[in-house]
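Here the structure is laid out as structure tokens; the discussion comes afterwards.
Reminder, nothing fancy here: chain letters follow the sequence lines and each chain counts from 1. In this text, all values refer to a predicted model and were calculated from it rather than measured experimentally. No hydrogens, no waters, no symmetry mates; every other heavy atom, side chains included, goes into these values.
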Amino acid sequence: MSDDLNLPADLSADEMGEYLRIYVDETNEQADSLVEMLLGLERDPHDPRRLAEAFRLVHSVKGSAALLGLDRITTLAHHLETHFERLRSGAAVLDPATTNVALRFVDYLRAGNEQLRRGEPLPPNEELLAAVETLGSEASSAAVRESDEDRPAPRPPVASPSAPAPADEEPQPTKLPAVAEPAPTVAVGPARPMRVTIHFRRGMPLAELKGELVIARLARLGAVVRSDPPAGRLATIADSGRLDVWIDAAADQAALREAADVDGAEGIEIGETVEVGVEPGLKEPAAAAGGEGRPDAQETVRVEVGRLDVLMNLAGELVVNRSRFVQVARQIAPTFRGAAASNRSTAIVEDMRHSLEACRDEIAAGASASGQLATLEKHLTALEEQSREWQEGRRHFDHMLEAIDQLTRVSDNLQRGVLKTRMVAVAPLFNRFKRSVRDIARELGKRVDLEIRGEKTELDKRMIDEIGDPLVHLVRNAIDHGIESADERRRRGKPETATLRLEAFHRGNSVCIAIADDGGGIDTDRIRQRAIERGLVTAEAAAGMSADELVDFIWQPGFSTAKAVSDISGRGVGMDIVRTKINRLNGSIDIATVKGEGTTFTIRLPLTLAIVRCMLFGLPHGVFAVPMENIRGIVAIGDSQIVAVNGRQACDIRGEFLPLVDIHDIFRWAEGEARLPLSGDVAVLHSAGRSIALRVGAPLGSQDIVVKSLDDNYRHVRGLGGASILGDGSVCLLLDVATAIDLAGGRRTRSITPQH
Amino acid sequence: MPNAMPGRLLVTDDALIMRMRIRDIAREAGWEVVGEAGNGRECVERYAALRPDLVTLDIVMPEMDGVEALRALRASDPSARVVMVSALDQKSKLSECIRLGALDFLVKPFDKERLVALLAKYAPRPAAEG
């Protein structure tokens with residue numbers, strides 16, 4: 001087996017990179033589709049549409065892999081394709097063993113693609129190869145003879161063009177098309193048999209078909225009398241490299257030569273001499289008329305996400321710049337907009353005009369003040385001039401406002417446009433679960449139907465990439481812990497087959513993904529017991545906790561109520577990791593659970609990672625932005641509302657006691673730092689069902705902010721989700737509310753494994 | 001021999017990567033790739049709109065396979081020039097395509113020079129003689 005990273009000789013390294021990327025993307029999609037077909041076929045193994053599509057997908061993967069010289073994939077796909085051809089023709093029936101082998105092929109293909117992405121060779125696959133090779137070996141061999149495609153290939157599947165052509169092909173009756181196809185009449189003349197000899201390139205694949213092709217093409221010029229080798233034995237051309245055809249035709253030598261000159265023909269001799277000179281010319285295709293009929297079909301282009309990131313960033317910068325314009329304009333506005341300013345100078349001008357008149361009257365009365373008068377007049381003219389300039393400036397200012405308006409529209413549209421190019425449907429992500437749900441359920445001996453809804457809902461591509469792992473975890477959890485065994489379900493009077501629903505939908509400016517099971521719900525008694533055991537809460541405190549508060553414990557690092565750590569979930573990757581990951585995406589996750597009826601996890605994600613709608617607050621240390629998602633309200637509290645609970649401050653907001661937190665408590669700033677007054681505005685922040693009241697300065701209004709990663713530009717800071725540049729050029733920090741609540745002790749947290 | 005004028009090519013294959021490969025090679029060889037089709041139906045539609053000089057046609061494709069597409073092409077335009085580009089194991093289908101009037105065929109996977117040679121063979125030549 002060749003090294004799978006050997007470039008085909010005629011591909012440059014650059015080309016190879018490009019092709020590999022396309023190959024990986026395309027075959028990953030085909031892998032997804034193939035899994036869908038396989039799962040559909042599991043229900044109905046005879047579905048001809050799915051069988052044909054599965055065959056086609058495997059065939060297509062084979063072709064693409066062969067193009068890149070990926071022999072391991074090509075060989076596997078070839079064997080699989082052969083077997084699917086048997087299935088398609090009815091010579092064999094799809095059994096679970098075949099499905100499993102095909103799914104393993106998909107796994108290998110995907111794993112291989114990951115390797116290729118990293119520039120590493122494909123892993124060995126002897127075991128899988130053996131499994132694929134034996135596919136259908138037990139199938140009735142009598143049914144396997146229908147056509148040559150049906151036969152398992154007795155030779156290496158990827159015959160490179162130089163590889164010897166099969167010599168063991170059964171002679172196949174080659175049908176001569178002479179009668180069926182009307183021969184275009186070329187020239188009229190005395191017909192006499194001519195011998196056309198074609199020398200073919202040796203070892204050409206499908207040489208017998210080339211022979212067939214030559215005969216068919218010659219037959220259009222006249223009647224083919226006979227051939228050597230004869231029609232049924234054309235396969236020998238592969239070895240001999242020669243075909244003779246006797247033809248009764250009125251055509252001249254050039255026409256015959258042209259007809260015989262197929263790809264792979266290296267020399268042509270025409271046995272009889274005929275007059276040369278007349279140029280009948282085989283029918284040339286009608287030249288396309290003019291330049292009309294250009295392609296207008298909607299074609300698609302694949303773009304690296306990285307490039308879209310760059311565009312997104314630039315669009316973001318543009319939006320920031322636009323805000324800057326708006327802000328500057330707002331600052332200039334009073335100068336031009338204030339009616340007072342305009343009136344005042346007009347008044348001055350008028351006053352001066354009056355005093356000038358008065359002056360003139362005095363002079364008329366006899367006094368000589370002509371010098372003074374002239375000066376006054378000069379000033380007046382200057383002032384009038386200035387006033388005109390100001391009017392002019394005001395007009396320009398109005399134009400600028402229009403331009404800013406226009407800029408706003410364009411930059412908003414640009415941003416929306418770029419956002420839109422990044423949006424992809426969640427369908428491929430969801431569909432992947434058809435397979436894993438089946439596998440996990442089978443492994444655990446449970447029966448689970450997956451119901452997918454809203455798969456056309458679109459989400460930022462990056463988000464889709466990131467949300468996969470948390471979803472897998474939640475789905476595993478749901479099947480492993482949420483859904484009861486079939487016995488248990490029967491006892492409870494539920495259908496034995498459980499339903500797991502995966503649903504995506506829009507909620508305002510966010511997209512929600514719900515994972516809902518109809519299992520037993522979360523057992524709060526067990527949680528209470530575990531929490532006390534682990535010392536997370538005292539027995540007395542636990543006794544007074546609400547169901548929601550108890551359920552919240554599952555977000556604690558390392559918290560698990562599972563009786564036994566199963567192979568599927570509970571590998572130490574806790575729900576806390578899931579939540580951390582979702583928080584990183586500026587999303588949130590909520591749980592709704594009803595004992596005996598099931599649990600629903602709802603992940604709420606912003607449409608995009610790049611832009612977050614925030615409320616800005618001026619704090620003594622600068623401006624902080626808080627995602628609107630996380631704000632329940634902004635309330636002014638008085639001293640009377642502040643109480644101490646267990647030595648910590650809390651405040652009573654409409655009967656709800658919330659921890660009252662200062663920004664210092666979140667970031668552990670030194671005590672000496674400036675603090676906000678005790679009473680004043682607080683923002684009620686919430687995440688995953690927990691809330692705190694954060695002291696904030698005056699709210700500065702809401703705004704879309706373009707988030708820049710702190711991790712990339714500085715380093716990760718717990719409690720901060722990023723930074724952004726405001727319209728006035730200053731930097732504001734984006735609060736990561738979920739982590740902030742943890743850090744502020746929204747509830748007592750004892751980090752077992754501190755992150756970062 | 002004078003350079004043949006650039007031919008207008010329509011590339012048909014369900015695999016993007018295969019279309020890219022054919023397109024890249026054809027362009028380098030001086031062809032104008034006027035369109036691409038991902039299945040037989042698209043091929044027939046685009047052929048009608050574009051009237052290319054030559055069509056490359058894959059056999060195993062979704063919706064409408066290459067055999068049906070060839071049948072439709074030749075029915076609508078008996079002078080349609082089509083070369084099949086297909087895998088080795090589609091022998092009986094290829095044979096059918098030959099009967100249906102395919103100009104030639106090339107077996108996948110192919111070397112670059114093979115495709116270049118094939119295309120050169122079927123490049124349009126100036127129709128008018130002095």
* Asked: For the atom pair CD (A/E208) and NZ (B/K91), what is the distance rounded to the nearest 0.5 Å?
  -> 4.5 Å

* Sort B/F105 into side chain, backbone, both or neither according to what part of it lies under 4.5 angstrom from a heavy atom of chain A. => both

* To do: Could you please spell out the steps behind the side-chain contact (heavy atoms from CB on, under 4.5 Å) verdict for A/R201 and B/R114?
  => CA-CA 11 Å; A/R201 194 159 42 86; B/R114 293 257 54 86; 3.0 Å; yes

* To do: To the nearest 0.5 Å, tell me how far B/M18 CE sits from A/S60 OG.
  => 7.5 Å

* Structure fact -> What one should report as the nearest heavy-atom pair of A/A265 and B/K121 is O-NZ, 4.0 Å

* Quick one: do B/D104 and A/K210 make a salt bridge, cutoff under 4.0 Å? -> yes

* Rounded to the nearest 0.5 Å, what separation is found between the OG atom of A/S64 and the NZ atom of B/K108? -> 7.5 Å

* **Nearest-0.5 Å distance that lies between atom CD in A/E18 and atom CZ in B/R21** => 12.0 Å

* Pick one of side chain, backbone, both or neither for A/D261, based on which atoms fall under 4.5 Å of a heavy atom in chain B. => both

* To do: Could you tell me which of A/I22, A/V214, A/L209 has the largest number of non-hydrogen atom pairs under 4.5 Å with chain B?
  => A/L209

* **Heavy-atom check, side chain of B/D89 versus side chain of A/H59, under 4.5 Å** => yes

* **Any B/I98 side-chain heavy atom under 4.5 Å of A/I215 side chain** => no

* **B/A102 portion near chain A, given a 4.5 angstrom heavy-atom threshold** => backbone

* Does the side chain of A/L67 reach to within under 4.5 Å of the side chain of B/P109, using non-hydrogen atoms? -> no

* Between atom CD of B/E63 and atom CZ of A/R56, what is the distance when rounded to the nearest 0.5 Å? -> 9.0 Å

* Can you tell if the side chain of B/V60 reaches within under 4.5 Å of the side chain of A/F55, non-hydrogen atoms only? -> yes

* **Reported OH-to-CD1 distance for the pair A/Y19 and B/I17, which is rounded to 0.5 angstrom** => 7.5 Å

* Asked: For the side chain of A/R217 and the backbone of B/L103, is there at least one donor-acceptor N/O pair under 3.5 Å apart?
  -> yes

